[in-house]
Amino acid sequence: MSFLKRFVDFLAPLGLALAVGALAWTRSGRTLPGGLRPYLIAALALALVHLVLRFEDVVRTLGRRQLKYGSNTLVLVVAVLGILGVLNYLAARHSKRVDLTKDQRYSLSDQTHKVVAGLKDDIKITYFQRSRDMARGQDRLKEYQALSPRLKAEFVDPVQSPAKAQAYDVRGPWPILVVERGDKRERISNDGEQDITNALIKITREAKKTVCLVEGEGERSGEDSGERGFSGAKSSLTKALYEVKGVFLMREKTVPKDCTILVVGGPEKDLLPDTTSAIRDFVKQGGKALVMVEAELKEPYPNLVALLKDWNIEAGSDVVVDVSGMGQLFGFSELAPLAIEYPYHAITKDFRLPTLYGGARSVAAGKGTLEGVTAQDLVKTSEQSWAESDLKLKGPIQFDEGQDHKGPVSLAAVATVKGPTPAPTPTPSPLPSPAPEEPKAPEGRVVAIGDVDFASNALLGFQGNQDFFLNVVAWLAEDADLISIRPKEPENQALFLSRQAQQNVAWLALVILPGLFVIAGVVSWWRRR
(Lines give C-alpha, C1' and ligand atoms only; values in the text may rest on other atoms or scores of the structure.)
Protein backbone atom coordinates (compact mmCIF):
# COMPACT_ATOMS: atom_id res chain seq x y z
CA MET A 1 0.00 0.00 0.00
CA SER A 2 2.82 2.38 0.88
CA PHE A 3 4.48 1.54 -2.50
CA LEU A 4 1.27 2.50 -4.32
CA LYS A 5 1.08 5.82 -2.47
CA ARG A 6 4.68 6.56 -3.34
CA PHE A 7 3.98 5.73 -6.98
CA VAL A 8 0.93 8.05 -6.98
CA ASP A 9 3.01 10.83 -5.40
CA PHE A 10 5.40 10.65 -8.36
CA LEU A 11 2.63 11.15 -10.96
CA ALA A 12 2.34 14.95 -10.63
CA PRO A 13 6.13 15.59 -10.64
CA LEU A 14 6.42 13.23 -13.58
CA GLY A 15 3.73 15.18 -15.44
CA LEU A 16 5.51 18.46 -14.67
CA ALA A 17 8.83 17.04 -15.87
CA LEU A 18 7.15 15.74 -19.04
CA ALA A 19 5.61 19.14 -19.83
CA VAL A 20 8.83 21.07 -19.16
CA GLY A 21 10.91 18.60 -21.14
CA ALA A 22 8.55 18.67 -24.13
CA LEU A 23 8.48 22.48 -24.17
CA ALA A 24 12.28 22.70 -23.87
CA TRP A 25 12.72 20.15 -26.69
CA THR A 26 10.50 22.11 -29.11
CA ARG A 27 12.02 25.48 -28.11
CA SER A 28 15.46 24.12 -29.06
CA GLY A 29 14.20 23.73 -32.64
CA ARG A 30 13.68 19.97 -32.60
CA THR A 31 10.47 18.11 -33.44
CA LEU A 32 8.73 15.60 -31.17
CA PRO A 33 7.08 12.53 -32.70
CA GLY A 34 3.40 13.34 -33.02
CA GLY A 35 3.88 17.00 -32.12
CA LEU A 36 3.84 18.87 -28.79
CA ARG A 37 0.13 18.56 -27.97
CA PRO A 38 0.02 14.83 -26.99
CA TYR A 39 2.85 15.31 -24.49
CA LEU A 40 1.11 18.28 -22.83
CA ILE A 41 -2.14 16.30 -22.66
CA ALA A 42 -0.30 13.37 -21.08
CA ALA A 43 1.33 15.69 -18.53
CA LEU A 44 -2.06 17.17 -17.61
CA ALA A 45 -3.56 13.66 -17.33
CA LEU A 46 -0.82 12.57 -14.91
CA ALA A 47 -1.49 15.61 -12.72
CA LEU A 48 -5.26 14.95 -12.72
CA VAL A 49 -4.80 11.25 -11.90
CA HIS A 50 -2.58 12.25 -8.97
CA LEU A 51 -5.22 14.71 -7.75
CA VAL A 52 -8.06 12.17 -8.04
CA LEU A 53 -6.19 9.33 -6.32
CA ARG A 54 -5.02 11.55 -3.46
CA PHE A 55 -8.23 13.64 -3.23
CA GLU A 56 -8.98 12.62 0.38
CA ASP A 57 -5.46 13.56 1.44
CA VAL A 58 -5.81 16.92 -0.34
CA VAL A 59 -9.12 17.59 1.44
CA ARG A 60 -7.65 16.55 4.78
CA THR A 61 -4.59 18.77 4.23
CA LEU A 62 -6.49 21.84 3.07
CA GLY A 63 -9.53 21.41 5.26
CA ARG A 64 -13.10 21.49 4.03
CA ARG A 65 -13.45 25.21 4.72
CA GLN A 66 -10.41 26.13 2.61
CA LEU A 67 -11.59 23.71 -0.09
CA LYS A 68 -14.99 25.39 -0.13
CA TYR A 69 -13.41 28.81 -0.52
CA GLY A 70 -11.11 27.43 -3.21
CA SER A 71 -14.09 26.02 -5.12
CA ASN A 72 -15.85 29.38 -4.96
CA THR A 73 -12.72 31.07 -6.26
CA LEU A 74 -12.49 28.56 -9.11
CA VAL A 75 -16.13 29.24 -10.05
CA LEU A 76 -15.47 33.01 -10.05
CA VAL A 77 -12.37 32.57 -12.22
CA VAL A 78 -14.33 30.46 -14.72
CA ALA A 79 -17.14 33.07 -14.74
CA VAL A 80 -14.68 35.94 -15.38
CA LEU A 81 -13.02 33.98 -18.18
CA GLY A 82 -16.44 33.33 -19.70
CA ILE A 83 -17.38 37.03 -19.57
CA LEU A 84 -14.04 37.99 -21.16
CA GLY A 85 -14.62 35.42 -23.90
CA VAL A 86 -18.06 36.87 -24.67
CA LEU A 87 -16.66 40.42 -24.72
CA ASN A 88 -13.86 39.37 -27.07
CA TYR A 89 -16.39 37.71 -29.37
CA LEU A 90 -18.55 40.85 -29.47
CA ALA A 91 -15.50 43.05 -30.04
CA ALA A 92 -14.42 40.88 -32.97
CA ARG A 93 -17.90 41.09 -34.55
CA HIS A 94 -18.37 44.82 -33.92
CA SER A 95 -14.91 46.36 -34.09
CA LYS A 96 -14.32 50.01 -33.18
CA ARG A 97 -10.85 51.53 -33.49
CA VAL A 98 -9.64 54.22 -31.10
CA ASP A 99 -6.29 55.84 -31.84
CA LEU A 100 -4.71 56.95 -28.55
CA THR A 101 -1.27 57.75 -29.96
CA LYS A 102 0.00 61.30 -29.40
CA ASP A 103 0.15 62.26 -33.09
CA GLN A 104 -2.78 60.06 -34.22
CA ARG A 105 -0.30 57.88 -36.07
CA TYR A 106 -2.86 55.26 -37.04
CA SER A 107 -5.67 57.61 -38.15
CA LEU A 108 -6.16 59.36 -41.47
CA SER A 109 -5.80 63.14 -41.37
CA ASP A 110 -8.52 65.71 -41.99
CA GLN A 111 -6.99 66.51 -45.37
CA THR A 112 -7.19 62.89 -46.49
CA HIS A 113 -10.85 62.73 -45.42
CA LYS A 114 -11.62 65.83 -47.48
CA VAL A 115 -9.68 64.76 -50.57
CA VAL A 116 -11.09 61.23 -50.72
CA ALA A 117 -14.68 62.16 -49.76
CA GLY A 118 -14.63 64.87 -52.46
CA LEU A 119 -13.62 62.57 -55.33
CA LYS A 120 -15.78 63.18 -58.40
CA ASP A 121 -14.30 60.45 -60.61
CA ASP A 122 -13.51 56.78 -60.06
CA ILE A 123 -9.98 56.16 -58.78
CA LYS A 124 -8.18 52.83 -58.77
CA ILE A 125 -5.07 52.11 -56.68
CA THR A 126 -3.06 49.00 -57.54
CA TYR A 127 -0.80 48.04 -54.66
CA PHE A 128 2.22 45.88 -55.56
CA GLN A 129 3.85 44.17 -52.58
CA ARG A 130 4.99 40.71 -51.50
CA SER A 131 2.20 38.81 -49.72
CA ARG A 132 4.18 38.45 -46.50
CA ASP A 133 4.57 42.26 -46.24
CA MET A 134 1.17 43.35 -47.51
CA ALA A 135 -0.76 43.64 -44.22
CA ARG A 136 0.13 47.26 -43.41
CA GLY A 137 -0.71 48.52 -46.89
CA GLN A 138 -3.99 46.62 -46.94
CA ASP A 139 -5.08 48.15 -43.64
CA ARG A 140 -4.17 51.67 -44.83
CA LEU A 141 -5.93 51.40 -48.20
CA LYS A 142 -9.03 49.82 -46.65
CA GLU A 143 -9.34 52.99 -44.57
CA TYR A 144 -9.17 55.02 -47.79
CA GLN A 145 -11.82 52.83 -49.44
CA ALA A 146 -14.15 53.32 -46.47
CA LEU A 147 -14.19 57.09 -47.15
CA SER A 148 -15.57 56.94 -50.69
CA PRO A 149 -17.19 54.35 -52.97
CA ARG A 150 -15.30 55.96 -55.87
CA LEU A 151 -11.96 54.64 -54.66
CA LYS A 152 -11.08 51.00 -55.30
CA ALA A 153 -7.91 49.15 -54.38
CA GLU A 154 -6.36 46.00 -55.83
CA PHE A 155 -3.57 44.13 -54.04
CA VAL A 156 -1.06 42.26 -56.21
CA ASP A 157 1.92 40.10 -55.30
CA PRO A 158 4.33 40.84 -58.19
CA VAL A 159 6.08 37.46 -57.77
CA GLN A 160 2.84 35.47 -57.92
CA SER A 161 1.39 37.71 -60.68
CA PRO A 162 4.36 38.78 -62.85
CA ALA A 163 2.11 39.51 -65.85
CA LYS A 164 0.23 42.17 -63.84
CA ALA A 165 3.50 43.79 -62.75
CA GLN A 166 4.75 43.74 -66.33
CA ALA A 167 1.53 45.32 -67.61
CA TYR A 168 2.05 48.26 -65.23
CA ASP A 169 5.82 48.29 -65.91
CA VAL A 170 6.71 48.16 -62.21
CA ARG A 171 9.84 46.72 -60.67
CA GLY A 172 11.03 46.46 -57.09
CA PRO A 173 11.95 47.44 -54.50
CA TRP A 174 8.42 47.16 -53.16
CA PRO A 175 5.91 48.52 -52.38
CA ILE A 176 4.87 50.37 -55.52
CA LEU A 177 1.43 51.96 -55.85
CA VAL A 178 -0.12 52.95 -59.17
CA VAL A 179 -2.95 55.50 -58.84
CA GLU A 180 -5.23 55.71 -61.88
CA ARG A 181 -7.92 58.16 -62.98
CA GLY A 182 -9.09 57.45 -66.50
CA ASP A 183 -5.98 57.48 -68.68
CA LYS A 184 -3.91 59.36 -66.10
CA ARG A 185 -1.48 57.41 -63.92
CA GLU A 186 0.68 58.39 -60.97
CA ARG A 187 3.27 56.01 -59.53
CA ILE A 188 4.63 56.21 -55.99
CA SER A 189 7.08 54.00 -54.09
CA ASN A 190 5.85 54.64 -50.55
CA ASP A 191 2.61 53.55 -48.88
CA GLY A 192 2.64 56.39 -46.32
CA GLU A 193 -0.44 58.60 -45.99
CA GLN A 194 1.31 61.75 -47.24
CA ASP A 195 2.44 60.06 -50.45
CA ILE A 196 -0.91 58.42 -51.19
CA THR A 197 -2.93 61.59 -50.52
CA ASN A 198 -0.53 63.74 -52.55
CA ALA A 199 -0.83 61.30 -55.45
CA LEU A 200 -4.63 61.58 -55.28
CA ILE A 201 -4.40 65.40 -55.28
CA LYS A 202 -1.99 65.38 -58.22
CA ILE A 203 -4.04 63.00 -60.35
CA THR A 204 -7.33 64.84 -59.72
CA ARG A 205 -5.96 68.39 -60.16
CA GLU A 206 -6.93 69.71 -63.57
CA ALA A 207 -4.43 72.56 -63.93
CA LYS A 208 -1.00 73.46 -62.63
CA LYS A 209 -1.04 76.23 -60.02
CA THR A 210 1.93 78.49 -59.40
CA VAL A 211 2.94 80.41 -56.29
CA CYS A 212 5.10 83.43 -57.18
CA LEU A 213 7.40 84.90 -54.50
CA VAL A 214 8.03 88.62 -55.00
CA GLU A 215 11.72 89.56 -55.01
CA GLY A 216 13.60 92.84 -55.12
CA GLU A 217 12.91 94.66 -51.84
CA GLY A 218 14.51 92.19 -49.43
CA GLU A 219 11.65 89.67 -49.27
CA ARG A 220 12.33 86.23 -47.82
CA SER A 221 13.76 83.81 -50.37
CA GLY A 222 12.64 80.27 -51.06
CA GLU A 223 16.28 79.34 -51.64
CA ASP A 224 17.45 80.55 -48.20
CA SER A 225 17.83 77.62 -45.78
CA GLY A 226 18.77 79.82 -42.81
CA GLU A 227 16.44 80.57 -39.91
CA ARG A 228 15.01 83.64 -41.69
CA GLY A 229 14.67 81.84 -45.02
CA PHE A 230 11.64 80.43 -46.80
CA SER A 231 13.12 77.13 -47.98
CA GLY A 232 10.82 75.21 -45.61
CA ALA A 233 7.76 77.06 -46.87
CA LYS A 234 8.81 76.40 -50.46
CA SER A 235 9.29 72.69 -49.68
CA SER A 236 5.82 72.54 -48.08
CA LEU A 237 4.25 74.20 -51.14
CA THR A 238 6.06 71.81 -53.46
CA LYS A 239 4.80 68.81 -51.47
CA ALA A 240 1.29 70.28 -51.79
CA LEU A 241 1.91 70.13 -55.57
CA TYR A 242 2.26 73.86 -56.24
CA GLU A 243 4.88 75.25 -58.60
CA VAL A 244 7.05 77.85 -56.81
CA LYS A 245 9.09 80.53 -58.55
CA GLY A 246 10.45 83.99 -57.90
CA VAL A 247 9.14 87.16 -59.58
CA PHE A 248 11.16 90.40 -59.87
CA LEU A 249 8.31 92.92 -60.06
CA MET A 250 10.66 95.92 -60.15
CA ARG A 251 11.73 94.70 -63.57
CA GLU A 252 8.59 92.89 -64.76
CA LYS A 253 6.21 95.83 -63.96
CA THR A 254 3.25 93.40 -64.17
CA VAL A 255 2.48 90.10 -62.49
CA PRO A 256 3.11 87.19 -64.91
CA LYS A 257 -0.03 85.49 -66.20
CA ASP A 258 1.00 82.05 -64.90
CA CYS A 259 1.00 83.27 -61.26
CA THR A 260 -1.97 81.81 -59.42
CA ILE A 261 -0.90 83.36 -56.10
CA LEU A 262 1.44 86.27 -55.49
CA VAL A 263 3.33 86.22 -52.17
CA VAL A 264 4.90 89.37 -50.73
CA GLY A 265 7.13 87.89 -48.03
CA GLY A 266 8.01 90.67 -45.58
CA PRO A 267 10.09 93.16 -47.62
CA GLU A 268 12.90 94.91 -45.78
CA LYS A 269 12.36 98.06 -47.87
CA ASP A 270 9.07 99.67 -48.76
CA LEU A 271 7.61 98.61 -52.12
CA LEU A 272 8.10 101.02 -55.01
CA PRO A 273 4.96 102.67 -56.46
CA ASP A 274 5.28 100.62 -59.68
CA THR A 275 5.37 97.41 -57.64
CA THR A 276 2.30 98.27 -55.55
CA SER A 277 0.48 99.34 -58.73
CA ALA A 278 1.21 95.96 -60.34
CA ILE A 279 -0.08 94.09 -57.28
CA ARG A 280 -3.21 96.30 -57.09
CA ASP A 281 -4.05 95.67 -60.77
CA PHE A 282 -3.41 91.94 -60.35
CA VAL A 283 -5.94 91.65 -57.50
CA LYS A 284 -8.47 93.89 -59.26
CA GLN A 285 -8.40 91.51 -62.24
CA GLY A 286 -9.16 88.51 -60.02
CA GLY A 287 -5.66 87.68 -58.80
CA LYS A 288 -4.85 86.22 -55.39
CA ALA A 289 -2.25 87.75 -53.05
CA LEU A 290 -0.67 86.91 -49.70
CA VAL A 291 0.94 90.00 -48.16
CA MET A 292 3.12 89.64 -45.07
CA VAL A 293 4.27 92.97 -43.62
CA GLU A 294 6.56 93.32 -40.61
CA ALA A 295 6.36 95.75 -37.70
CA GLU A 296 8.02 99.08 -38.55
CA LEU A 297 10.84 98.66 -36.02
CA LYS A 298 13.52 99.79 -38.49
CA GLU A 299 11.74 101.83 -41.16
CA PRO A 300 8.18 102.58 -42.30
CA TYR A 301 6.33 100.99 -45.23
CA PRO A 302 3.93 103.77 -46.38
CA ASN A 303 3.35 102.37 -49.90
CA LEU A 304 2.65 98.86 -48.63
CA VAL A 305 0.34 100.13 -45.87
CA ALA A 306 -1.54 102.26 -48.42
CA LEU A 307 -1.92 99.20 -50.67
CA LEU A 308 -3.58 97.28 -47.82
CA LYS A 309 -5.98 100.21 -47.25
CA ASP A 310 -7.20 99.77 -50.83
CA TRP A 311 -8.54 96.41 -49.65
CA ASN A 312 -9.98 97.84 -46.41
CA ILE A 313 -7.21 96.32 -44.31
CA GLU A 314 -5.50 98.43 -41.63
CA ALA A 315 -1.88 97.73 -40.66
CA GLY A 316 -1.17 99.32 -37.28
CA SER A 317 1.95 101.32 -36.50
CA ASP A 318 2.74 99.12 -33.52
CA VAL A 319 4.27 95.86 -32.31
CA VAL A 320 2.21 93.20 -30.53
CA VAL A 321 3.20 92.24 -26.99
CA ASP A 322 1.97 89.02 -25.36
CA VAL A 323 2.43 88.62 -21.60
CA SER A 324 0.29 85.49 -21.25
CA GLY A 325 3.48 83.49 -20.77
CA MET A 326 2.57 80.98 -23.48
CA GLY A 327 5.35 82.07 -25.82
CA GLN A 328 7.86 81.94 -22.98
CA LEU A 329 7.01 78.27 -22.42
CA PHE A 330 8.54 77.59 -25.84
CA GLY A 331 11.58 79.77 -25.26
CA PHE A 332 10.37 83.01 -26.88
CA SER A 333 10.00 86.54 -25.50
CA GLU A 334 6.85 88.62 -24.98
CA LEU A 335 7.36 89.97 -28.52
CA ALA A 336 6.41 86.53 -29.88
CA PRO A 337 2.60 86.53 -29.57
CA LEU A 338 0.77 83.21 -29.59
CA ALA A 339 -2.69 83.02 -31.17
CA ILE A 340 -5.40 80.48 -30.38
CA GLU A 341 -8.49 82.44 -31.48
CA TYR A 342 -9.63 82.35 -35.11
CA PRO A 343 -12.82 84.16 -36.22
CA TYR A 344 -14.95 81.94 -38.45
CA HIS A 345 -13.66 81.69 -42.01
CA ALA A 346 -13.05 78.94 -44.56
CA ILE A 347 -9.30 79.17 -43.85
CA THR A 348 -9.66 78.53 -40.13
CA LYS A 349 -12.79 76.35 -40.02
CA ASP A 350 -12.19 73.56 -37.45
CA PHE A 351 -8.64 74.91 -36.97
CA ARG A 352 -7.72 74.77 -33.28
CA LEU A 353 -3.93 74.64 -33.30
CA PRO A 354 -1.90 77.50 -31.77
CA THR A 355 0.21 79.64 -34.10
CA LEU A 356 3.27 81.65 -33.08
CA TYR A 357 4.52 84.95 -34.55
CA GLY A 358 7.71 86.94 -34.08
CA GLY A 359 7.84 90.75 -33.89
CA ALA A 360 4.32 91.07 -35.34
CA ARG A 361 2.25 94.19 -35.96
CA SER A 362 -1.53 94.42 -35.76
CA VAL A 363 -3.42 93.85 -39.02
CA ALA A 364 -7.22 94.13 -38.94
CA ALA A 365 -10.21 94.68 -41.17
CA GLY A 366 -11.04 98.38 -41.51
CA LYS A 367 -13.98 99.75 -39.57
CA GLY A 368 -15.37 101.53 -42.63
CA THR A 369 -16.61 100.00 -45.87
CA LEU A 370 -15.34 100.08 -49.44
CA GLU A 371 -17.46 99.29 -52.47
CA GLY A 372 -16.83 95.79 -53.80
CA VAL A 373 -14.57 94.87 -50.84
CA THR A 374 -15.41 92.46 -48.01
CA ALA A 375 -12.87 92.22 -45.20
CA GLN A 376 -12.69 90.47 -41.82
CA ASP A 377 -10.20 89.60 -39.10
CA LEU A 378 -8.57 86.19 -39.34
CA VAL A 379 -6.26 85.64 -36.32
CA LYS A 380 -6.40 87.10 -32.80
CA THR A 381 -4.14 87.01 -29.77
CA SER A 382 -5.26 86.46 -26.17
CA GLU A 383 -6.57 89.10 -23.78
CA GLN A 384 -3.14 89.12 -22.07
CA SER A 385 -1.67 91.06 -24.99
CA TRP A 386 -1.70 94.52 -26.48
CA ALA A 387 -0.48 96.52 -29.48
CA GLU A 388 2.48 98.59 -28.22
CA SER A 389 2.67 102.02 -29.87
CA ASP A 390 6.23 102.79 -28.74
CA LEU A 391 8.26 101.18 -31.52
CA LYS A 392 11.56 102.16 -29.91
CA LEU A 393 10.87 99.66 -27.08
CA LYS A 394 13.06 101.55 -24.63
CA GLY A 395 12.88 100.60 -20.99
CA PRO A 396 10.48 98.01 -19.54
CA ILE A 397 7.62 97.12 -21.88
CA GLN A 398 4.30 97.88 -20.21
CA PHE A 399 0.74 98.68 -21.23
CA ASP A 400 -0.02 102.42 -21.38
CA GLU A 401 -3.73 103.23 -21.12
CA GLY A 402 -4.84 105.59 -23.89
CA GLN A 403 -1.77 104.94 -26.06
CA ASP A 404 -1.70 101.17 -26.55
CA HIS A 405 -4.51 99.00 -27.89
CA LYS A 406 -5.66 96.34 -25.42
CA GLY A 407 -5.94 92.74 -26.64
CA PRO A 408 -7.22 90.58 -28.17
CA VAL A 409 -5.25 92.00 -31.11
CA SER A 410 -5.89 90.98 -34.71
CA LEU A 411 -2.72 89.75 -36.44
CA ALA A 412 -4.21 88.97 -39.85
CA ALA A 413 -7.13 89.94 -42.07
CA VAL A 414 -8.68 88.56 -45.23
CA ALA A 415 -10.46 90.41 -48.04
CA THR A 416 -12.32 89.61 -51.25
CA VAL A 417 -12.24 92.26 -53.96
CA LYS A 418 -14.82 92.43 -56.76
CA GLY A 419 -13.35 93.77 -59.99
CA PRO A 420 -15.22 95.63 -62.73
CA THR A 421 -17.79 93.55 -64.64
CA PRO A 422 -16.58 92.94 -68.20
CA ALA A 423 -18.88 94.02 -71.02
CA PRO A 424 -20.65 91.21 -72.90
CA THR A 425 -19.10 90.31 -76.24
CA PRO A 426 -21.44 91.37 -79.12
CA THR A 427 -22.39 88.67 -81.63
CA PRO A 428 -21.96 89.70 -85.30
CA SER A 429 -24.57 87.23 -86.58
CA PRO A 430 -27.71 88.92 -88.06
CA LEU A 431 -29.90 86.02 -86.94
CA PRO A 432 -31.71 86.45 -83.63
CA SER A 433 -29.90 84.71 -80.80
CA PRO A 434 -30.64 84.17 -77.13
CA ALA A 435 -29.48 86.87 -74.77
CA PRO A 436 -25.86 86.28 -73.73
CA GLU A 437 -25.15 85.28 -70.16
CA GLU A 438 -24.18 88.14 -67.90
CA PRO A 439 -20.39 87.89 -67.46
CA LYS A 440 -19.25 87.56 -63.87
CA ALA A 441 -17.01 90.11 -62.27
CA PRO A 442 -13.55 88.76 -61.35
CA GLU A 443 -13.04 88.21 -57.63
CA GLY A 444 -9.64 88.92 -56.18
CA ARG A 445 -8.58 87.48 -52.83
CA VAL A 446 -6.14 88.94 -50.33
CA VAL A 447 -4.74 87.66 -47.04
CA ALA A 448 -2.63 90.16 -45.06
CA ILE A 449 -0.56 89.02 -42.06
CA GLY A 450 1.37 91.30 -39.73
CA ASP A 451 4.39 89.02 -39.58
CA VAL A 452 6.58 86.99 -41.91
CA ASP A 453 8.60 85.06 -39.31
CA PHE A 454 5.70 82.65 -38.64
CA ALA A 455 6.35 81.11 -42.09
CA SER A 456 10.15 81.23 -41.85
CA ASN A 457 12.32 78.19 -41.28
CA ALA A 458 12.66 79.12 -37.60
CA LEU A 459 8.92 78.99 -36.79
CA LEU A 460 7.23 77.04 -39.61
CA GLY A 461 7.49 73.79 -37.65
CA PHE A 462 5.72 75.21 -34.58
CA GLN A 463 2.36 73.54 -33.82
CA GLY A 464 -0.12 74.98 -36.37
CA ASN A 465 2.11 77.42 -38.30
CA GLN A 466 2.64 75.22 -41.36
CA ASP A 467 -1.00 74.14 -41.54
CA PHE A 468 -2.16 77.75 -41.23
CA PHE A 469 0.24 78.90 -43.95
CA LEU A 470 -0.84 76.12 -46.33
CA ASN A 471 -4.53 76.73 -45.54
CA VAL A 472 -4.07 80.38 -46.53
CA VAL A 473 -2.46 79.34 -49.82
CA ALA A 474 -5.16 76.72 -50.48
CA TRP A 475 -7.96 79.27 -49.93
CA LEU A 476 -6.27 81.77 -52.23
CA ALA A 477 -5.82 79.04 -54.85
CA GLU A 478 -9.48 77.98 -54.40
CA ASP A 479 -8.42 74.47 -53.37
CA ALA A 480 -11.12 73.95 -50.76
CA ASP A 481 -10.26 70.28 -50.21
CA LEU A 482 -6.73 71.22 -49.14
CA ILE A 483 -7.86 73.47 -46.27
CA SER A 484 -7.39 71.11 -43.35
CA ILE A 485 -4.98 69.56 -40.88
CA ARG A 486 -2.46 67.61 -42.93
CA PRO A 487 -0.87 64.22 -42.24
CA LYS A 488 2.22 64.50 -40.07
CA GLU A 489 5.38 62.47 -40.11
CA PRO A 490 5.35 60.21 -37.00
CA GLU A 491 7.47 61.56 -34.18
CA ASN A 492 10.42 59.58 -32.90
CA GLN A 493 9.27 58.69 -29.38
CA ALA A 494 12.12 56.35 -28.52
CA LEU A 495 13.29 56.53 -24.90
CA PHE A 496 17.06 56.76 -24.57
CA LEU A 497 18.54 55.83 -21.18
CA SER A 498 22.08 56.17 -19.93
CA ARG A 499 23.93 53.04 -18.87
CA GLN A 500 23.37 53.92 -15.19
CA ALA A 501 19.64 54.46 -15.80
CA GLN A 502 19.40 51.09 -17.57
CA GLN A 503 21.06 49.38 -14.61
CA ASN A 504 18.68 51.13 -12.20
CA VAL A 505 15.65 49.93 -14.21
CA ALA A 506 17.06 46.37 -14.29
CA TRP A 507 17.60 46.33 -10.50
CA LEU A 508 14.11 47.70 -9.92
CA ALA A 509 12.37 45.21 -12.21
CA LEU A 510 14.45 42.09 -11.52
CA VAL A 511 15.56 42.46 -7.91
CA ILE A 512 13.79 45.10 -5.81
CA LEU A 513 10.14 44.54 -6.82
CA PRO A 514 10.33 40.68 -6.75
CA GLY A 515 12.25 40.92 -3.46
CA LEU A 516 9.49 43.02 -1.89
CA PHE A 517 6.91 40.39 -2.80
CA VAL A 518 9.08 37.62 -1.38
CA ILE A 519 9.59 39.54 1.87
CA ALA A 520 5.85 40.25 2.12
CA GLY A 521 5.13 36.55 1.62
CA VAL A 522 7.62 35.48 4.29
CA VAL A 523 6.23 38.03 6.78
CA SER A 524 2.68 36.85 6.11
CA TRP A 525 3.67 33.20 6.57
CA TRP A 526 5.55 33.97 9.81
CA ARG A 527 2.56 35.79 11.31
CA ARG A 528 0.22 32.88 10.55
CA ARG A 529 2.46 30.25 12.21
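Side-chain contact between Asp451 and Glu294 is present, with at least one heavy-atom pair separated by less than 4.5 Å. Contact check for Phe332 versus Leu356: side-chain heavy atoms found under the 4.5 Å cut-off. Side-chain atoms of Glu219 and Leu213, non-hydrogen and from C-beta on, never get closer than 4.5 Å to each other. Between Leu308 and Glu314 there is no side-chain heavy-atom pair separated by less than 4.5 Å. By the 4.5 Å heavy-atom criterion applied to side chains, Val283 and Leu262 are not counted as neighbours. Contact of the Val409 side chain with the Pro337 side chain is not registered, since no non-hydrogen atoms from C-beta on lie closer than 4.5 Å.
Taking the charged nitrogens against the carboxylate oxygens, Arg136 and Asp191 do have a contact shorter than 4.0 Å, which makes a salt bridge. In this structure, Asp453 pairs ionically with Arg220, as a charged nitrogen and a carboxylate oxygen lie closer than 4.0 Å. Of the charged side-chain nitrogens involved, none lies within less than 4.0 Å of a carboxylate oxygen, so that Asp183 and Arg181 do not count as a salt-bridged pair. Using a cut-off of 4.0 Å between Lys/Arg side-chain N and Asp/Glu carboxylate O, Lys209 and Glu478 are scored as not salt-bridged. Salt bridge status for Glu223 with Lys234: present, with a side-chain N to carboxylate O gap under 4.0 Å.
Rounded to the nearest 0.5 Å, atoms CD (Glu334) and CG (Asp322) are 9.0 Å apart. Distance CD1/Ile203 to CD1/Ile188: 10.0 Å, rounded to 0.5 Å. Rounded to the nearest 0.5 Å, atoms CG (Asn465) and CG (Leu470) are 11.0 Å apart. Within the model, atoms OH of Tyr127 and CG of Leu177 stand 6.0 Å from one another, a figure rounded to the nearest 0.5 Å.
The shortest heavy-atom contact between Phe469 and Leu290 is CE1-CD2, 3.9 Å. Here the closest heavy-atom approach between residue Met134 and residue Gln129 is recorded as CE-O, 2.9 Å.
For the pair Arg445 and Trp475, the distance from NZ or CZ to the six-membered ring centre is under 6.0 Å and the angle to the ring normal is within 45 degrees.
Of the N and O atoms on the side chains of Ser131 and Asp157, at least one donor lies less than 3.5 Å from an acceptor on the other residue. In this model, a donor atom of one side chain and an acceptor atom of the other lie less than 3.5 Å apart for Tyr342 and Thr355. Side-chain N/O atoms of Asn457 and Ser231 include a donor and acceptor closer than 3.5 Å.
Within 6.0 Å of NZ on Lys284 lie no more than 12 heavy atoms contributed by other residues, nucleotides or ligands. Counting heavy-atom neighbours within 6.0 Å of Glu383 CD, excluding the residue itself, gives a total of 12 or less.
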